[in-house]
Amino acid sequence: MEFKNKKMLLTFLNNNCYELDRGSQGIAYYNMEDDNVIKIFYEFFDDEKVDEYEGKQILAFSNISNDTFIWADDIICVAGNLVGYKTPYIRAKSLYKQDPLNINLDHFINDLKRAKSDIELISKNNVLTFDIMYNTLYGKKISIIDHVDYSLSDMDYKLLYQHNINNFVLEIYFFLVDGYFDEFV
């Protein structure tokens, strides 16, 4: 998506979107026109150039078809400068905001198996994950969002897979025990 100037993007966001959440890199908006999420980096709002990311980097994994990782399918530019990206909207809640005692464990175990299979797939495609914690959604399935700090790696597959699965397992571990463990201690 290309916008001529800052005002045009802000008008588009005000007229067609509503804010979903804020993270460490930017603000996520739900686009009511096409049922997608638009994430705009904070640098845009501060009139700074986004120099940490490139469009090619953001779209690097969009060709890896899977059910767990939600890749960007377009970049957002203002006057040719990258300011954000667009991804499909997932109807789910952040995993850390859910009560583990209220989920169906049989379904959850199957969803974990599917996610593990997709972690194997991306590892075979040399993708090194980062920041899975607090970027995992759960609804009808497990979805992992916000991949902008992922990278391609020349790491051995076994080491890469171990790194990637450890990132995921840590999120699951905290989901299952963190809130309840704190209350008992």
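Sequence positions, counted from 1, serve as the residue numbers for this chain. Predicted model, so just to flag it, every value in this text is computed and none were measured.
In this structure, the side chain of S117 does not engage the main chain of K113 through any donor-acceptor pair within 3.5 Å. A donor-acceptor distance shorter than 3.5 angstrom exists from the side chain of Y42 to the backbone of G23, with no hydrogens or angles considered. Within the 3.5 Å criterion, the main-chain N or O of M1 finds a donor-acceptor partner in the side chain of D74. Distance alone, capped at 3.5 Å, places no donor-acceptor pair between the E2 side chain and the I76 backbone. Of the possible donor and acceptor atoms, none in the side chain of N66 sits under 3.5 Å from a partner among the backbone N and O of D118.
Of the charged side-chain nitrogens involved, none lies within less than 4.0 Å of a carboxylate oxygen, so that K140 and D67 do not count as a salt-bridged pair. A salt bridge is absent between K124 and E120; no separation between the charged side-chain nitrogens and carboxylate oxygens falls under 4.0 Å.
A side-chain donor-acceptor contact under 3.5 Å links T129 and N164. Inspection of the N167 and E171 side chains reveals no N or O donor paired with an N or O acceptor under 3.5 Å.
Taking each heavy atom of F12 and I38 in turn, the nearest pair found is CE2-CD1, 3.6 Å. Contact between I70 and I90 at its shortest, heavy atoms only, is CD1-CD1, 3.7 Å. In plain terms, the two heavy atoms of L9 and V78 that are nearest each other are CD2-CG2, 3.7 Å. Annotation for L137 and A92: closest pair CB-CB, 3.8 Å, computed over non-hydrogen atoms. For the pair K39 and Q25, the tightest heavy-atom approach, listed with the atom from each and the gap, is NZ-OE1, 3.0 Å. Annotation for N15 and M32: closest pair O-CE, 4.4 Å, computed over non-hydrogen atoms.
With sequence neighbours excluded, the residues that form a side chain to side chain contact (heavy atoms under 4.5 Å, CB included) with M155 are L128, S153, L159, L160. The side-chain hydrogen bond (donor to acceptor under 3.5 Å, both in side chains) test applied to Q98 returns no partner, not counting sequence neighbours.
In this structure, F108 and F175 have tilted ring planes: the angle between them lies in the 30° to 60° band.
By the 6.0 Å contact criterion, NZ on K116 is open, its count of non-hydrogen atoms from other residues, nucleotides or ligands being 12 or less.
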Are I40 and L13 close enough, and set up right, to give a side chain to side chain contact (heavy atoms under 4.5 Å, CB included), and what steps lead you there? CA-CA 10 Å; I40 304 296; L13 293 173; 4.2 Å; yes
Show the numbers, then the answer: is there a side chain to side chain contact (heavy atoms under 4.5 Å, CB included) between E52 and D149? CA-CA 10 Å; E52 190 173 346; D149 288 319; 4.2 Å; yes
Check against side chain to side chain contact (heavy atoms under 4.5 Å, CB included), Y89 and D34: CA-CA 9 Å; Y89 177 70; D34 64 4; over 6 Å; no
Which is it for L121 and N125 under the side chain to side chain contact (heavy atoms under 4.5 Å, CB included) test, yes or no, and what are the steps along the way? CA-CA 6 Å; L121 173 68; N125 281 276; 3.7 Å; yes
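Annotation: Y96 is not in aromatic contact with F174 [ring centroid separation under 6.0 Å not met].
Summarising the geometry, atom OH belonging to Y157 is positioned 5.5 Å from atom OG belonging to S123; distances are rounded to the nearest 0.5 Å. One finds the NZ atom of K97 at 11.5 Å from the CG atom of L95 (value rounded to the nearest 0.5 Å). The distance from atom CH2 of W71 to atom CD1 of I58, rounded to the nearest 0.5 Å, is 13.0 Å. Put simply, OG on S62 and CD1 on I75 are 11.0 Å apart, with the number rounded to the nearest 0.5 Å.
Test F69, F130, Y85, Y53 against H147 for ring-ring contact (aromatic ring centres under 6.0 Å, His included) and you get one pass: Y85.
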